[in-house]
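Predicted, not measured: the structure shown is a model, and the values here were computed from it. Residue numbers begin at 1 in each chain, while the letters A, B, ... track the order of the sequences.
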There are 2 protein chains.
Amino acid sequence: MSKAANTRLTILHKAFELIYTKGYQTTSIDEIIATTQVTKGAFYYHFKTKDEMGVAIIEEILKPTMQEHFIKPTEASQNPIEDFYHMISYLLLEDPFLQVKYGCPVGNLTQEMTPWNTKFSEALAELVDLWKATIINSIEKGKESGLIRKDVVGEQVAFFILSGYWGIRNFGKLQNDNSSYLVYLKELNVYLNGLK
Amino acid sequence: MSKAANTRLTILHKAFELIYTKGYQTTSIDEIIATTQVTKGAFYYHFKTKDEMGVAIIEEILKPTMQEHFIKPTEASQNPIEDFYHMISYLLLEDPFLQVKYGCPVGNLTQEMTPWNTKFSEALAELVDLWKATIINSIEKGKESGLIRKDVVGEQVAFFILSGYWGIRNFGKLQNDNSSYLVYLKELNVYLNGLK
DNA sequence: GTTATTTCATACTAATTAGTATTTTTTATG
DNA sequence: CATAAAAAATACTAATTAGTATGAAATAAC
(Lines give C-alpha, C1' and ligand atoms only; values in the text may rest on other atoms or scores of the structure.)
Protein backbone atom coordinates (compact mmCIF):
# COMPACT_ATOMS: atom_id res chain seq x y z
CA MET A 1 0.00 0.00 0.00
CA SER A 2 1.32 3.42 -0.90
CA LYS A 3 2.16 5.85 1.84
CA ALA A 4 -0.62 8.17 0.75
CA ALA A 5 -3.20 5.40 0.79
CA ASN A 6 -1.98 4.51 4.22
CA THR A 7 -2.55 7.97 5.70
CA ARG A 8 -5.99 7.97 4.15
CA LEU A 9 -6.85 4.69 5.82
CA THR A 10 -5.34 5.82 9.11
CA ILE A 11 -7.61 8.83 9.06
CA LEU A 12 -10.67 6.72 8.28
CA HIS A 13 -9.98 4.18 11.00
CA LYS A 14 -9.14 6.60 13.77
CA ALA A 15 -11.97 8.94 12.79
CA PHE A 16 -14.37 6.03 12.86
CA GLU A 17 -13.28 5.08 16.35
CA LEU A 18 -13.72 8.64 17.56
CA ILE A 19 -17.10 8.96 15.88
CA TYR A 20 -18.28 5.65 17.27
CA THR A 21 -17.43 6.66 20.82
CA LYS A 22 -18.19 10.38 20.64
CA GLY A 23 -20.68 10.87 17.84
CA TYR A 24 -20.14 12.48 14.46
CA GLN A 25 -21.00 16.07 15.20
CA THR A 26 -18.94 16.24 18.35
CA THR A 27 -15.87 14.75 16.73
CA SER A 28 -13.90 17.66 15.31
CA ILE A 29 -11.40 17.54 12.50
CA ASP A 30 -8.85 19.09 14.82
CA GLU A 31 -9.33 16.14 17.13
CA ILE A 32 -9.02 13.65 14.30
CA ILE A 33 -5.77 15.11 13.02
CA ALA A 34 -4.43 15.35 16.56
CA THR A 35 -4.96 11.66 17.30
CA THR A 36 -3.81 10.53 13.88
CA GLN A 37 -0.76 12.81 13.84
CA VAL A 38 -1.82 13.79 10.35
CA THR A 39 -1.73 17.47 9.43
CA LYS A 40 -4.68 19.46 8.29
CA GLY A 41 -3.17 19.80 4.85
CA ALA A 42 -3.00 16.03 4.51
CA PHE A 43 -6.55 15.64 5.76
CA TYR A 44 -8.01 18.06 3.28
CA TYR A 45 -5.93 16.62 0.51
CA HIS A 46 -7.67 13.29 0.99
CA PHE A 47 -11.16 14.59 1.81
CA LYS A 48 -12.80 17.70 0.47
CA THR A 49 -15.07 18.04 3.50
CA LYS A 50 -15.80 16.39 6.82
CA ASP A 51 -18.96 14.88 5.39
CA GLU A 52 -17.08 13.36 2.49
CA MET A 53 -14.90 11.62 5.06
CA GLY A 54 -18.00 10.46 6.91
CA VAL A 55 -19.44 8.83 3.82
CA ALA A 56 -16.05 7.26 3.09
CA ILE A 57 -16.10 5.71 6.55
CA ILE A 58 -19.45 4.11 5.80
CA GLU A 59 -18.39 2.81 2.42
CA GLU A 60 -14.81 1.86 3.10
CA ILE A 61 -14.90 0.76 6.73
CA LEU A 62 -18.42 -0.16 7.76
CA LYS A 63 -19.53 -1.81 4.55
CA PRO A 64 -16.59 -4.23 4.17
CA THR A 65 -16.74 -5.09 7.85
CA MET A 66 -20.40 -5.93 7.56
CA GLN A 67 -19.90 -7.96 4.42
CA GLU A 68 -17.28 -10.02 6.18
CA HIS A 69 -18.99 -10.45 9.54
CA PHE A 70 -22.73 -10.58 8.80
CA ILE A 71 -23.38 -11.18 5.16
CA LYS A 72 -20.97 -13.99 4.40
CA PRO A 73 -21.76 -16.07 7.50
CA THR A 74 -25.50 -15.67 6.95
CA GLU A 75 -25.21 -16.64 3.30
CA ALA A 76 -23.39 -19.80 4.26
CA SER A 77 -25.98 -20.62 6.92
CA GLN A 78 -27.87 -23.90 6.83
CA ASN A 79 -30.01 -23.24 9.89
CA PRO A 80 -31.36 -19.67 9.77
CA ILE A 81 -33.07 -19.65 13.14
CA GLU A 82 -30.02 -20.76 15.06
CA ASP A 83 -27.78 -18.51 13.05
CA PHE A 84 -29.92 -15.41 13.46
CA TYR A 85 -29.77 -15.90 17.19
CA HIS A 86 -26.04 -16.40 17.16
CA MET A 87 -25.49 -13.41 14.92
CA ILE A 88 -27.36 -11.06 17.25
CA SER A 89 -25.96 -12.69 20.35
CA TYR A 90 -22.43 -12.39 19.02
CA LEU A 91 -22.90 -8.74 18.14
CA LEU A 92 -24.36 -7.89 21.52
CA LEU A 93 -22.13 -9.91 23.80
CA GLU A 94 -18.97 -11.00 22.08
CA ASP A 95 -17.86 -8.71 19.30
CA PRO A 96 -14.51 -7.33 20.50
CA PHE A 97 -14.92 -3.93 18.91
CA LEU A 98 -18.49 -3.05 19.79
CA GLN A 99 -19.19 -1.77 23.28
CA VAL A 100 -22.42 -1.64 25.21
CA LYS A 101 -22.12 2.02 26.12
CA TYR A 102 -21.49 3.14 22.53
CA GLY A 103 -24.26 1.21 20.82
CA CYS A 104 -24.31 0.22 17.16
CA PRO A 105 -22.17 2.36 14.84
CA VAL A 106 -24.63 2.11 11.98
CA GLY A 107 -27.56 2.89 14.25
CA ASN A 108 -25.73 5.83 15.77
CA LEU A 109 -24.92 7.36 12.41
CA THR A 110 -28.44 6.79 11.14
CA GLN A 111 -29.86 8.49 14.16
CA GLU A 112 -27.49 11.42 14.03
CA MET A 113 -27.09 12.12 10.33
CA THR A 114 -30.45 11.26 8.89
CA PRO A 115 -32.32 13.18 7.53
CA TRP A 116 -29.89 16.08 7.27
CA ASN A 117 -27.38 14.59 4.93
CA THR A 118 -28.75 12.57 2.03
CA LYS A 119 -25.31 11.20 1.16
CA PHE A 120 -25.13 9.64 4.59
CA SER A 121 -28.65 8.30 4.32
CA GLU A 122 -27.99 6.70 0.96
CA ALA A 123 -24.76 5.08 2.04
CA LEU A 124 -26.33 3.79 5.24
CA ALA A 125 -29.49 2.61 3.54
CA GLU A 126 -27.43 0.61 1.05
CA LEU A 127 -25.66 -1.08 3.91
CA VAL A 128 -28.82 -1.92 5.79
CA ASP A 129 -30.61 -3.11 2.67
CA LEU A 130 -27.78 -5.53 2.06
CA TRP A 131 -28.14 -6.98 5.52
CA LYS A 132 -31.90 -7.13 5.24
CA ALA A 133 -31.78 -8.85 1.86
CA THR A 134 -29.42 -11.46 3.23
CA ILE A 135 -31.76 -12.24 6.10
CA ILE A 136 -34.75 -12.48 3.80
CA ASN A 137 -32.86 -14.78 1.50
CA SER A 138 -31.86 -16.93 4.41
CA ILE A 139 -35.48 -17.20 5.53
CA GLU A 140 -36.61 -18.26 2.08
CA LYS A 141 -34.01 -20.99 2.07
CA GLY A 142 -35.20 -22.05 5.50
CA LYS A 143 -38.75 -22.28 4.21
CA GLU A 144 -37.62 -24.51 1.37
CA SER A 145 -35.65 -26.79 3.64
CA GLY A 146 -38.60 -27.01 6.01
CA LEU A 147 -36.87 -25.34 8.95
CA ILE A 148 -39.20 -22.37 8.79
CA ARG A 149 -42.98 -22.32 8.41
CA LYS A 150 -44.25 -21.55 4.93
CA ASP A 151 -46.53 -18.75 6.10
CA VAL A 152 -43.65 -16.74 7.56
CA VAL A 153 -43.08 -13.49 5.67
CA GLY A 154 -39.37 -12.92 5.19
CA GLU A 155 -39.41 -9.16 4.91
CA GLN A 156 -41.50 -8.78 8.03
CA VAL A 157 -39.17 -10.98 10.02
CA ALA A 158 -36.09 -9.18 8.72
CA PHE A 159 -37.47 -5.82 9.82
CA PHE A 160 -38.48 -7.30 13.15
CA ILE A 161 -35.08 -8.76 13.88
CA LEU A 162 -33.09 -5.74 12.78
CA SER A 163 -35.38 -3.30 14.57
CA GLY A 164 -35.05 -5.26 17.76
CA TYR A 165 -31.31 -5.23 17.45
CA TRP A 166 -31.10 -1.50 16.90
CA GLY A 167 -33.53 -0.84 19.68
CA ILE A 168 -31.91 -2.99 22.30
CA ARG A 169 -28.62 -1.31 21.50
CA ASN A 170 -30.27 1.88 22.67
CA PHE A 171 -31.25 0.23 25.93
CA GLY A 172 -27.67 -0.88 26.39
CA LYS A 173 -26.45 2.68 25.96
CA LEU A 174 -29.01 3.92 28.41
CA GLN A 175 -28.14 1.47 31.16
CA ASN A 176 -24.51 0.92 30.28
CA ASP A 177 -24.62 -2.75 31.13
CA ASN A 178 -25.65 -5.82 29.22
CA SER A 179 -28.41 -6.99 31.52
CA SER A 180 -31.02 -5.73 29.08
CA TYR A 181 -29.24 -7.66 26.33
CA LEU A 182 -29.63 -10.91 28.23
CA VAL A 183 -33.33 -10.41 28.80
CA TYR A 184 -33.83 -9.38 25.21
CA LEU A 185 -31.97 -12.40 23.86
CA LYS A 186 -34.24 -14.76 25.76
CA GLU A 187 -37.30 -13.30 24.10
CA LEU A 188 -35.57 -13.23 20.74
CA ASN A 189 -35.06 -16.94 21.17
CA VAL A 190 -38.74 -17.42 21.94
CA TYR A 191 -39.69 -15.35 18.92
CA LEU A 192 -37.34 -17.12 16.52
CA ASN A 193 -38.54 -20.53 17.64
CA GLY A 194 -42.03 -19.39 16.84
CA LEU A 195 -40.98 -19.27 13.20
CA LYS A 196 -40.45 -23.02 13.08
CA MET B 1 -49.26 31.25 34.96
CA SER B 2 -46.79 34.00 35.75
CA LYS B 3 -45.01 35.74 32.89
CA ALA B 4 -41.69 34.31 34.00
CA ALA B 5 -43.03 30.77 34.12
CA ASN B 6 -44.41 31.36 30.69
CA THR B 7 -41.11 32.34 29.11
CA ARG B 8 -39.54 29.31 30.75
CA LEU B 9 -42.13 27.03 29.20
CA THR B 10 -41.84 28.78 25.86
CA ILE B 11 -38.12 28.08 25.86
CA LEU B 12 -38.64 24.44 26.77
CA HIS B 13 -41.27 23.84 24.13
CA LYS B 14 -39.52 25.57 21.27
CA ALA B 15 -36.15 24.11 22.23
CA PHE B 16 -37.69 20.67 22.30
CA GLU B 17 -39.09 21.11 18.82
CA LEU B 18 -35.73 22.25 17.51
CA ILE B 19 -33.91 19.44 19.25
CA TYR B 20 -36.37 16.85 17.99
CA THR B 21 -35.91 17.95 14.41
CA LYS B 22 -32.23 18.93 14.47
CA GLY B 23 -30.62 17.03 17.30
CA TYR B 24 -29.38 18.34 20.63
CA GLN B 25 -25.78 19.15 19.79
CA THR B 26 -26.61 20.97 16.60
CA THR B 27 -29.29 23.10 18.21
CA SER B 28 -27.55 26.20 19.49
CA ILE B 29 -28.73 28.47 22.25
CA ASP B 30 -28.52 31.37 19.83
CA GLU B 31 -30.98 29.55 17.61
CA ILE B 32 -33.28 28.81 20.51
CA ILE B 33 -33.42 32.41 21.67
CA ALA B 34 -33.86 33.59 18.09
CA THR B 35 -36.92 31.43 17.49
CA THR B 36 -38.41 32.07 20.92
CA GLN B 37 -37.72 35.81 20.80
CA VAL B 38 -36.29 35.43 24.27
CA THR B 39 -33.04 37.20 25.08
CA LYS B 40 -29.89 35.48 26.26
CA GLY B 41 -30.21 37.11 29.62
CA ALA B 42 -33.66 35.60 30.07
CA PHE B 43 -32.47 32.21 28.91
CA TYR B 44 -29.61 32.07 31.37
CA TYR B 45 -31.77 33.40 34.11
CA HIS B 46 -33.98 30.32 33.79
CA PHE B 47 -31.26 27.75 33.02
CA LYS B 48 -27.73 27.69 34.31
CA THR B 49 -26.48 25.72 31.31
CA LYS B 50 -27.69 24.24 28.06
CA ASP B 51 -27.58 20.76 29.59
CA GLU B 52 -29.74 21.88 32.49
CA MET B 53 -32.31 22.97 29.94
CA GLY B 54 -31.99 19.61 28.19
CA VAL B 55 -32.75 17.70 31.35
CA ALA B 56 -35.66 20.05 32.05
CA ILE B 57 -37.09 19.19 28.65
CA ILE B 58 -37.01 15.51 29.53
CA GLU B 59 -38.58 15.99 32.92
CA GLU B 60 -41.05 18.74 32.19
CA ILE B 61 -42.05 18.05 28.60
CA LEU B 62 -41.33 14.46 27.67
CA LYS B 63 -42.24 12.84 30.96
CA PRO B 64 -45.70 14.40 31.35
CA THR B 65 -46.47 13.75 27.71
CA MET B 66 -45.57 10.12 28.10
CA GLN B 67 -47.55 9.78 31.29
CA GLU B 68 -50.60 11.12 29.55
CA HIS B 69 -50.30 9.29 26.24
CA PHE B 70 -48.71 5.93 27.05
CA ILE B 71 -48.87 5.20 30.72
CA LYS B 72 -52.46 6.12 31.51
CA PRO B 73 -54.04 4.36 28.51
CA THR B 74 -51.99 1.23 29.16
CA GLU B 75 -52.93 1.19 32.82
CA ALA B 76 -56.59 1.36 31.93
CA SER B 77 -56.21 -1.39 29.37
CA GLN B 78 -58.31 -4.55 29.60
CA ASN B 79 -56.81 -6.27 26.57
CA PRO B 80 -53.02 -5.89 26.61
CA ILE B 81 -52.31 -7.51 23.26
CA GLU B 82 -54.70 -5.35 21.32
CA ASP B 83 -53.66 -2.27 23.21
CA PHE B 84 -49.93 -2.81 22.75
CA TYR B 85 -50.51 -3.02 19.04
CA HIS B 86 -52.63 0.08 19.00
CA MET B 87 -50.13 1.98 21.13
CA ILE B 88 -47.26 1.29 18.75
CA SER B 89 -49.41 1.72 15.68
CA TYR B 90 -50.68 5.04 16.93
CA LEU B 91 -47.20 6.27 17.69
CA LEU B 92 -45.85 5.24 14.32
CA LEU B 93 -48.69 6.26 12.06
CA GLU B 94 -51.04 8.66 13.74
CA ASP B 95 -49.44 10.77 16.42
CA PRO B 96 -49.73 14.33 15.09
CA PHE B 97 -46.47 15.55 16.58
CA LEU B 98 -44.10 12.71 15.76
CA GLN B 99 -42.70 12.55 12.24
CA VAL B 100 -41.19 9.63 10.37
CA LYS B 101 -38.06 11.51 9.36
CA TYR B 102 -37.29 12.70 12.87
CA GLY B 103 -37.73 9.42 14.71
CA CYS B 104 -38.52 9.05 18.41
CA PRO B 105 -37.53 12.01 20.61
CA VAL B 106 -36.60 9.77 23.52
CA GLY B 107 -34.63 7.43 21.29
CA ASN B 108 -32.85 10.32 19.65
CA LEU B 109 -31.79 11.84 22.92
CA THR B 110 -30.70 8.49 24.29
CA GLN B 111 -28.61 7.87 21.24
CA GLU B 112 -27.04 11.29 21.23
CA MET B 113 -26.52 12.09 24.88
CA THR B 114 -25.75 8.75 26.45
CA PRO B 115 -23.19 7.99 27.75
CA TRP B 116 -21.65 11.45 27.86
CA ASN B 117 -24.05 13.12 30.21
CA THR B 118 -25.19 11.10 33.20
CA LYS B 119 -27.92 13.58 34.05
CA PHE B 120 -29.50 12.94 30.66
CA SER B 121 -29.11 9.20 31.06
CA GLU B 122 -30.75 9.19 34.45
CA ALA B 123 -33.67 11.32 33.35
CA LEU B 124 -34.20 9.23 30.22
CA ALA B 125 -33.80 5.93 32.03
CA GLU B 126 -36.45 6.96 34.55
CA LEU B 127 -38.82 7.69 31.72
CA VAL B 128 -38.21 4.43 29.92
CA ASP B 129 -38.39 2.42 33.12
CA LEU B 130 -41.79 3.87 33.75
CA TRP B 131 -43.02 2.80 30.36
CA LYS B 132 -41.47 -0.63 30.73
CA ALA B 133 -42.99 -1.16 34.14
CA THR B 134 -46.41 -0.25 32.82
CA ILE B 135 -46.10 -2.79 30.03
CA ILE B 136 -44.94 -5.50 32.40
CA ASN B 137 -47.81 -4.77 34.73
CA SER B 138 -50.23 -4.93 31.88
CA ILE B 139 -48.87 -8.31 30.85
CA GLU B 140 -49.26 -9.70 34.35
CA LYS B 141 -52.84 -8.56 34.38
CA GLY B 142 -53.35 -10.24 31.03
CA LYS B 143 -51.94 -13.46 32.41
CA GLU B 144 -54.36 -13.35 35.30
CA SER B 145 -57.33 -12.70 33.07
CA GLY B 146 -56.27 -15.51 30.75
CA LEU B 147 -55.62 -13.32 27.73
CA ILE B 148 -51.90 -14.08 27.83
CA ARG B 149 -50.18 -17.43 28.30
CA LYS B 150 -48.84 -18.09 31.78
CA ASP B 151 -45.33 -18.90 30.56
CA VAL B 152 -44.86 -15.49 28.95
CA VAL B 153 -42.17 -13.47 30.73
CA GLY B 154 -43.31 -9.89 31.12
CA GLU B 155 -39.92 -8.25 31.27
CA GLN B 156 -38.72 -10.03 28.16
CA VAL B 157 -41.77 -9.00 26.21
CA ALA B 158 -41.50 -5.42 27.40
CA PHE B 159 -37.91 -5.17 26.22
CA PHE B 160 -38.85 -6.83 22.96
CA ILE B 161 -41.69 -4.47 22.21
CA LEU B 162 -39.85 -1.32 23.15
CA SER B 163 -36.69 -2.34 21.33
CA GLY B 164 -38.63 -3.03 18.21
CA TYR B 165 -40.29 0.33 18.44
CA TRP B 166 -37.02 2.22 18.86
CA GLY B 167 -35.41 0.23 16.12
CA ILE B 168 -38.11 0.64 13.53
CA ARG B 169 -38.06 4.36 14.21
CA ASN B 170 -34.50 4.26 12.97
CA PHE B 171 -35.59 2.55 9.77
CA GLY B 172 -38.18 5.23 9.30
CA LYS B 173 -35.54 7.93 9.58
CA LEU B 174 -33.35 6.12 7.13
CA GLN B 175 -35.98 5.72 4.45
CA ASN B 176 -38.07 8.76 5.27
CA ASP B 177 -41.32 6.98 4.55
CA ASN B 178 -43.59 4.77 6.58
CA SER B 179 -43.44 1.67 4.37
CA SER B 180 -41.10 -0.01 6.84
CA TYR B 181 -43.56 0.82 9.60
CA LEU B 182 -46.34 -1.05 7.82
CA VAL B 183 -44.24 -4.16 7.32
CA TYR B 184 -43.03 -4.02 10.88
CA LEU B 185 -46.53 -3.66 12.28
CA LYS B 186 -47.66 -6.81 10.52
CA GLU B 187 -44.95 -8.83 12.18
CA LEU B 188 -45.61 -7.14 15.50
CA ASN B 189 -49.16 -8.35 15.18
CA VAL B 190 -47.95 -11.89 14.52
CA TYR B 191 -45.62 -11.73 17.49
CA LEU B 192 -48.20 -10.34 19.87
CA ASN B 193 -50.75 -12.96 18.90
CA GLY B 194 -48.14 -15.57 19.74
CA LEU B 195 -48.43 -14.43 23.35
CA LYS B 196 -52.01 -15.64 23.58
C1' DG C 1 19.00 14.08 -12.64
C1' DT C 2 15.51 17.23 -14.02
C1' DT C 3 10.75 18.15 -14.14
C1' DA C 4 6.02 17.48 -13.01
C1' DT C 5 2.77 15.80 -9.99
C1' DT C 6 1.31 14.06 -5.85
C1' DT C 7 1.28 14.44 -1.03
C1' DC C 8 1.70 16.93 3.04
C1' DA C 9 2.86 21.10 6.40
C1' DT C 10 1.94 25.66 8.44
C1' DA C 11 -0.42 29.58 9.30
C1' DC C 12 -4.36 31.67 8.81
C1' DT C 13 -9.71 33.22 8.58
C1' DA C 14 -14.45 34.00 9.43
C1' DA C 15 -18.20 32.12 11.68
C1' DT C 16 -20.23 29.99 15.53
C1' DT C 17 -20.27 28.32 20.13
C1' DA C 18 -21.62 28.34 25.32
C1' DG C 19 -21.41 31.24 28.73
C1' DT C 20 -20.59 35.96 31.49
C1' DA C 21 -20.78 40.77 33.20
C1' DT C 22 -23.44 44.50 33.70
C1' DT C 23 -27.25 47.24 33.40
C1' DT C 24 -32.19 48.01 32.85
C1' DT C 25 -36.86 46.94 33.33
C1' DT C 26 -40.62 44.64 35.42
C1' DT C 27 -43.05 42.78 39.24
C1' DA C 28 -44.10 41.98 44.00
C1' DT C 29 -44.28 43.79 48.87
C1' DG C 30 -44.56 46.95 52.50
C1' DC D 1 -45.59 55.38 46.18
C1' DA D 2 -41.01 53.47 47.70
C1' DT D 3 -38.10 49.78 47.82
C1' DA D 4 -36.40 45.26 47.07
C1' DA D 5 -36.14 41.41 44.42
C1' DA D 6 -37.10 39.01 40.29
C1' DA D 7 -36.82 38.91 35.38
C1' DA D 8 -34.93 40.26 31.24
C1' DA D 9 -31.95 43.07 27.88
C1' DT D 10 -27.33 44.20 25.83
C1' DA D 11 -22.80 43.75 24.91
C1' DC D 12 -19.16 41.16 25.39
C1' DT D 13 -15.38 37.05 25.68
C1' DA D 14 -12.58 33.15 24.88
C1' DA D 15 -12.61 28.88 22.76
C1' DT D 16 -13.68 26.01 19.05
C1' DT D 17 -15.27 25.11 14.50
C1' DA D 18 -14.75 23.76 9.32
C1' DG D 19 -12.32 25.15 5.82
C1' DT D 20 -8.48 27.92 2.95
C1' DA D 21 -4.16 29.84 1.04
C1' DT D 22 0.23 29.03 0.16
C1' DG D 23 4.32 26.88 0.15
C1' DA D 24 7.46 22.81 0.97
C1' DA D 25 8.74 18.09 0.62
C1' DA D 26 8.26 13.62 -1.27
C1' DT D 27 7.44 10.64 -5.18
C1' DA D 28 6.98 9.42 -10.01
C1' DA D 29 7.96 10.06 -15.04
C1' DC D 30 11.07 10.92 -18.44
What nucleotide, of D:dT17, C:dT17, C:dT10, holds the atom closest to the side chain of B:Asp30? C:dT17

At under 4.0 Å between heavy atoms, what does B:Thr49 touch on the DNA or RNA strands: base, sugar-phosphate, or nothing? sugar-phosphate

Is A:Tyr45 close enough to C:dC8 that one of its side-chain N or O atoms is under 4.0 Å from OP1 or OP2 there? no

In whole angstroms, the gap separating P of C:dG19 from CD1 of B:Ile29 amounts to 5 Å

Select one nucleotide: of D:dG19, D:dA8, D:dA11, the one nearest the side-chain heavy atoms of B:Ala42. D:dA8

With sugar-phosphate meaning primed atoms plus P, OP1 and OP2, does A:Lys48 contact a base, only sugar-phosphate, or nothing at under 4.0 Å between heavy atoms? nothing

note: B:Ile32, atom CD1; C:dT17, atom P; distance rounded to Å ~ 11 Å

Describe, in one word, how the ring planes of B:Tyr102 and B:Tyr20 are oriented to each other, choosing from parallel (under 30°), tilted (30 to 60°) and perpendicular (over 60°). perpendicular

Are a donor atom and an acceptor atom from the side chains of A:Asn189 and A:Lys186 found within less than 3.5 Å of each other? no

Whole Å only: how far is the NZ atom of B:Lys40 from the P atom of C:dT16? 13 Å

Distance-only side-chain donor-acceptor flag, B:Ser179 / B:Asp177, under 3.5 Å: yes

Hey, does the side chain of A:His46 come within less than 4.0 Å of C:dC8's phosphate (OP1/OP2), counting only N and O? yes

Could you tell me how far apart A:Ile11 (CD1) and C:dC8 (P) are, to the nearest whole angstrom? 8 Å

Is there a salt bridge (Lys or Arg N to Asp or Glu O under 4.0 Å) between B:Lys72 and B:Glu75? Walk through the geometry before answering. CA-CA 5 Å; B:Lys72 272 194 188 173; B:Glu75 276 173 353; over 6 Å; no

Give me the ring orientation class for B:Phe120 and B:Tyr24: parallel if the planes are under 30° apart, tilted from 30 to 60°, perpendicular past 60°. perpendicular

From D:dA7, D:dG19, D:dT27, pick the nucleotide closest to the side chain of B:Ala4? D:dA7

Return whichever of B:Gly41 or A:Arg8 has its heavy-atom-nearest nucleotide of DNA chain C closer to the 5' end. A:Arg8

Atom-pair distance (CD on A:Gln25; C1' on C:dT17), nearest Å: 14 Å

Using atom CZ of A:Phe43 as one end and atom P of C:dT6 as the other, report the distance to the nearest whole Å. 21 Å

Here the distance between atom C1' of C:dT20 and atom CD1 of B:Ile33, to the nearest Å, is 13 Å

Send over the distance from B:Tyr44 OH to C:dT22 C1', rounded to a whole Å. 17 Å

Classify B:Thr39 by what it touches in the nucleic acid, base, sugar-phosphate, or nothing, heavy-atom distance under 4.0 Å. base

Applying a 4.0 Å non-hydrogen cut-off, can you work out what B:Thr7 is touching in the nucleic acid: base, sugar-phosphate, or nothing? sugar-phosphate

